[in-house]
Amino acid sequence: MKLSHGDGAANYPDFLVVGAAKSGTSSLHRYLARQPDIVLPPTKETWFWHQNRNANRAIFNYWDESRIPASLEEYLGLFDHAEPGQLVGEVCPSYLYYHEQTIESLKEFHPRWREVKIIIILRDPTDRILSEYRFVRQHGLDPEQLGLDDALRREESRKHNPDLLLDLHYRSLSRYCSQVAAYLDAFP
């Protein structure tokens, strides 16, 4: 949605695909990116809507910081090429897990946040955990290279380490009830 911003107008997201991780969001991103009436950022996840309030900074260690928009202007610039009539959106599964930070940022920075359409994809929690674990192992994201049983046992203590990626929050990422409820409460 084209809205006034600063001295001009900017394209704010019409929709967000907020997760869950390992539930088909990459495929959905590819399908949406092929649609001529939809504009997405060049990369799937920007983490913009939660990164400014998020104590977990691991994403900055893992990805090149230049990939993560540092300001609202930089984020909105990702959609500068949107033409009238095109929908603007983003796919970022961590917006479901970090729902509190994401919703707070939307309320603060998106002038018409209540009109943003929220798309949530869920997956059987056990299947999601196993898929996440395989992804973590394949990409070497666990600095301790823990087996699944040990990773699940240590999850609670590891969740509080801001230097570990949220990908290691296996069970917590799969506890959808409060995550989905937050979006249902915030958006009509």
Side-chain angles (χ1 to χ4, degrees), residues 1 12-29 32 40-41 43-63 67-72 74-76 78-79 87-133 135-136 141 151-152 155-188:
M1 64 187 72
Y12 283 79
D14 296 291
F15 69 90
L16 295 174
V17 178
V18 300
K22 302 294 162 226
S23 296
T25 57
S26 293
S27 294
L28 182 57
H29 181 266
L32 292 172
L40 300 173
T43 56
K44 177 181 159 212
E45 302 172 51
T46 70
W47 303 285
F48 175 75
W49 293 106
H50 68 71
Q51 60 87 19
N52 63 325
R53 292 179 153 78
N54 195 339
N56 186 313
R57 306 315 285 170
I59 201 69
F60 290 98
N61 298 330
Y62 183 72
W63 288 106
R67 179 180 168 189
I68 303 167
S71 67
L72 180 61
E74 191 176 329
Y75 177 77
L76 296 175
L78 297 172
F79 308 110
L87 293 175
V88 170
E90 182 190 1
V91 179
C92 189
S94 59
Y95 292 163
L96 183 62
Y97 185 62
Y98 292 122
H99 55 276
E100 293 171 357
Q101 296 91 335
T102 299
I103 292 169
E104 285 178 35
S105 289
L106 282 167
K107 288 178 179 180
E108 181 177 348
F109 298 116
H110 195 304
R112 294 181 38 199
W113 66 271
R114 288 186 184 275
E115 296 175 31
V116 175
K117 303 300 182 213
I118 304 297
I119 301 165
I120 300 174
I121 304 172
L122 303 177
R123 182 177 185 178
D124 174 83
T126 302
D127 292 341
R128 200 216 67 75
I129 289 170
L130 294 173
S131 178
E132 186 84 40
Y133 179 73
F135 176 82
V136 165
L141 301 178
L152 292 173
E155 178 177 338
E156 278 307 309
S157 63
R158 295 173 103 195
K159 275 181 16 183
H160 304 291
N161 183 340
D163 296 321
L164 294 177
L165 290 168
L166 76 116
D167 299 86
L168 304 178
H169 304 185
Y170 300 104
R171 284 191 198 112
S172 299
L173 283 165
S174 297
R175 291 186 177 124
Y176 307 132
C177 189
S178 63
Q179 299 168 17
V180 172
Y183 280 101
L184 290 173
D185 288 344
F187 293 87

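Side chains are part of it too, since the values below use all heavy atoms of this structure and drop only hydrogens, waters and symmetry mates.
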Item to check | Student check: side-chain heavy atoms of Lys22 and Pro93 closer than 4.5 Å | outcome: no
Next on the checklist: Check this for me: does any side-chain nitrogen of one of Lys159 and Glu156 sit under 4.0 Å from a carboxylate oxygen of the other?
Outcome noted: yes
Checklist entry - Counting only N and O atoms by type, is there a donor-acceptor contact under 3.5 Å from the side chain of Glu155 to the main-chain atoms of Arg171? => result yes
Checklist entry - Using the ring of each side chain (for Trp, its six-membered ring), is Phe48 parallel, tilted or perpendicular to Phe109, with breaks at 30° and 60°? => result tilted
Next on the checklist: A side-chain contact here means heavy atoms from C-beta on lying under 4.5 Å apart; do Tyr176 and Arg123 qualify?
Outcome noted: yes
Item to check | Atom pair CG (Leu173) and CG (Leu96), whose distance is rounded to the nearest 0.5 Å | outcome: 8.5 Å
Checklist entry - When you measure from the side chain of Arg128 to the backbone N and O of Ser23, does any donor-acceptor pair fall under 3.5 Å? => result no
Checklist entry - When rounded to the nearest 0.5 angstrom, what is the spacing between CD1 in Ile120 and NE2 in His99? => result 10.5 Å
Next on the checklist: Quick one, Arg53 and Tyr98 - any side-chain contact, counting heavy atoms below 4.5 Å?
Outcome noted: no
Next on the checklist: Determine whether a donor-acceptor pair (N or O, by modelled atom type, separation under 3.5 Å) exists between the side chain of Glu74 and the backbone of Ala70.
Outcome noted: yes
Checklist entry - Less than 6.0 Å separating the ring centroids of Tyr75 and Trp49? => result yes
Next on the checklist: I'd like to know whether Phe187 forms a side-chain contact (heavy atoms from CB on, under 4.5 Å) with Leu16, so could you lay out the CA-CA distance, the side-chain angles of the two residues, the decisive distance to 0.1 Å, and finally the verdict.
Outcome noted: CA-CA 12 Å; Phe187 293 87; Leu16 295 174; over 6 Å; no
Next on the checklist: Under a 3.5 Å distance rule, please check whether His110 uses its side chain to pair with a backbone N or O of Tyr12 as donor and acceptor.
Outcome noted: no
Checklist entry - Do you see a donor-acceptor pair shorter than 3.5 Å between the side chains of Ser94 and Glu45? => result no
Checklist entry - Just wondering, do Gln179 and Val18 contact through their side chains at under 4.5 Å, heavy atoms? => result no
Checklist entry - From Arg112 CZ over to Asp14 CG, what is the distance, rounded to the nearest 0.5 angstrom? => result 9.0 Å
